[in-house]
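Structure, as structure tokens:
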Amino acid sequence: MGQAEFGDLCEAVGVREGAWEVGWDGGWALNLHHFELLPDDFLQQAEVDLAQKTQGGDQNAIANAKRAIFCQIDRTLVVLGYEPLRWRNDRRMETIAALGFVAPRILAKVNSARNLLEHSYRRAERIDAEDAVDVAALFTDSAATALRAFPTEFFMGFGGDEQTYERGIRFRLSINGPKLIRLAAFGVGDHREVTLSAEDRSFPRVVALGLASYRGTRVDAALASLLASL
């Protein structure tokens with residue numbers, strides 16, 4: 001585990017001082033774990049359920065929408081080095097949110113519909129079923145798109161411009177074999193390198209920073225979250 005070493009590296013570079021820029025250098029498609037049933041299978045069944053236009057069909061559509069979401073979550077977590085298949089759903093959602101793949105409110109919307117069905121013993125409204133399937137389709141497509149062009153190389157730089165930063169950190173996600181993030185600091189005198197894995201607290205925050213840099217949105221929030229994990 002490289003959490004302590006990563007914290008030392010960040011302190012040496014001075015990540016808490018001054019205004020930092022974040023950018024990405026390259027991306028690569030990540031090979032997803034292949035389950036016997038895939039998110040699209042559950043989404044297709046959910047559409048069949050909706051087409052029945054019955055109370056039972058609407059209930060089944062909500063259940064299949066949630067299955068599609070958690071199937072996509074599990075495939076994403078597995079490819080990044082986690083072992084989520086025996087996790088509680090709350091832990092799955094918290095981890096995927098920390099990784100920056102989806103806003104927690106999207107997952108909460110689908111989960112609230114499922115809770116309505118399973119725990120409150122109340123009938124789901126037609127609009128609940130339609131919304132659940134729509135949100136599931138949005139989430140699975142968004143996550144799949146991110147993994148098809150994942151930012152495997154990105155950086156943080158301080159001072160100067162894109163060509164001549166005074167100091168910074170370069171991040172590289174391994175493509176083959178165990179998913180590790182290799183970090184190298186520059187501009188701090190001695191050459192420092194650290195490796196993070198899914199077991200390390202800052203690992204999901206680093207992934208989220210890479211995704212934010214690639215999308216060009218919420219970079220400041222992702223960087224603040226990373227600093228809070230040190």
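The model shown is predicted, which means the values in this text are computed figures rather than measured ones. Keep in mind that the numbers below use all heavy atoms, side chains included, and drop hydrogens, waters and symmetry copies.
- Atom CG of Leu77 and atom CD1 of Ile96 lie 4.5 Å apart (nearest 0.5 Å).
- Listed for the Asp41 side chain is a donor-acceptor partner under 3.5 Å among the backbone atoms of Leu38.
- The two residues Leu183 and Phe6 make their nearest non-hydrogen contact at CD2-CE1, 3.2 Å.
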If you apply the rule side-chain contact (heavy atoms from CB on, under 4.5 Å), what do you find for Glu11 with Asp8, and how did you get there? CA-CA 5 Å; Glu11 292 300 323; Asp8 292 342; 5.6 Å; no
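- In this structure the side chain of Trp20 never reaches within 4.5 angstrom of the side chain of Tyr165, judged on heavy atoms.
- Atoms CG and CZ, from Asn60 and Arg67 in turn, are 7.5 Å apart once rounded to the nearest 0.5 Å.
- When atom types are taken as modelled, the side chain of Gln3 and the backbone of Arg201 share a donor-acceptor pair closer than 3.5 angstrom.
- A side-chain donor-acceptor contact under 3.5 Å links Asp200 to the backbone of Ser197.
- When all heavy atoms are compared, the tightest approach of Gln72 to Pro39 is OE1-CG, 3.5 Å.
- Clustering ILVMFWY residues whenever any of their side-chain heavy atoms sit less than 4.5 angstrom apart, transitively, puts Phe70 in the very cluster that holds Val79.
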Anything under 3.5 Å between a donor and an acceptor, one on a side chain of residues 146-156, the other on a protein residue two or more places apart or in another chain? List them.
{"from": "Arg148", "atom 1": "NH2", "to": "Thr145", "atom 2": "OG1", "distance (Å)": "3.1"}

Can Thr195 and Ile181 be said to form a side-chain contact (heavy atoms from CB on, under 4.5 Å), step by step? CA-CA 6 Å; Thr195 299; Ile181 297 177; over 6 Å; no
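- Linking Ile, Leu, Val, Met, Phe, Trp and Tyr whenever their side-chain heavy atoms come within less than 4.5 Å leaves Ile69 and Leu43 in two separate clusters.
- Counting heavy atoms from C-beta outward, Leu30 and Leu173 have side chains that approach closer than 4.5 Å.
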Kindly indicate, with the supporting measurements, whether the criterion side-chain contact (heavy atoms from CB on, under 4.5 Å) is fulfilled by Glu166 and Phe186. CA-CA 8 Å; Glu166 294 177 7; Phe186 59 89; over 6 Å; no
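- The hydrophobic cluster containing Leu196 also contains Trp28, counting ILVMFWY residues as joined when their side-chain heavy atoms lie under 4.5 angstrom apart, directly or transitively.
- Counting heavy atoms from C-beta outward, Leu37 and Cys71 have side chains that stay 4.5 Å or more apart.
- Nearest heavy-atom pair across Ala184 and Glu193 is CB-CG, 4.1 Å.
- Contact check on Asp25 versus Arg172 returns no salt bridge, with no Lys/Arg side-chain nitrogen under 4.0 Å from an Asp/Glu carboxylate oxygen.
- For Arg88, the CZ atom counts as loosely surrounded, since its 6.0 Å shell holds 12 or fewer non-hydrogen atoms of other residues, nucleotides or ligands.
- Phe35 and Leu85 make their closest contact through CZ-CD2, 4.3 Å (heavy atoms, listed as atom of the first residue, atom of the second, distance).
- Following chains of ILVMFWY side-chain contacts shorter than 4.5 Å, one can reach Phe158 starting from Val13, so the two form part of one hydrophobic cluster.
- The CD atom of Glu94 sits 12.0 Å away from atom CG of Leu99, with the distance rounded to the nearest 0.5 Å.
- Arg92 places a side-chain N or O within donor-acceptor distance of the main-chain N or O of Trp87, the cut-off being under 3.5 Å.
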Go through the steps for Val188 and Leu9 under the test side-chain contact (heavy atoms from CB on, under 4.5 Å), then give the verdict. CA-CA 9 Å; Val188 291; Leu9 181 148; over 6 Å; no
Do any side-chain atoms of residues 130-142 form donor-acceptor pairs under 3.5 angstrom with protein atoms, and if so which ones, sequence neighbours left out?
{"from": "Glu130", "atom 1": "OE2", "to": "Arg126", "atom 2": "NE", "distance (Å)": "3.2"}
{"from": "Thr140", "atom 1": "OG1", "to": "Ala136", "atom 2": "O", "distance (Å)": "3.0"}
{"from": "Thr140", "atom 1": "OG1", "to": "Ala137", "atom 2": "O", "distance (Å)": "3.2"}

Output a table of donor-acceptor pairs, distance under 3.5 Å, between side-chain atoms of residues 207-230 and any protein atom two or more places apart or on a different chain; print 'none' if there are none.
{"from": "Ser213", "atom 1": "OG", "to": "Gly210", "atom 2": "O", "distance (Å)": "2.7"}
{"from": "Arg215", "atom 1": "NH1", "to": "Gly100", "atom 2": "O", "distance (Å)": "2.8"}
{"from": "Ser225", "atom 1": "OG", "to": "Arg205", "atom 2": "NH1", "distance (Å)": "3.2"}
{"from": "Ser229", "atom 1": "OG", "to": "Ser202", "atom 2": "OG", "distance (Å)": "2.7"}
{"from": "Ser229", "atom 1": "OG", "to": "Leu226", "atom 2": "O", "distance (Å)": "2.6"}

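- For the pair Thr76 and Ala143, the tightest heavy-atom approach, listed with the atom from each and the gap, is OG1-CB, 4.4 Å.
- Atom CD of residue Gln45 and atom CG of residue Asp40 lie 13.0 Å apart, to the nearest 0.5 angstrom.
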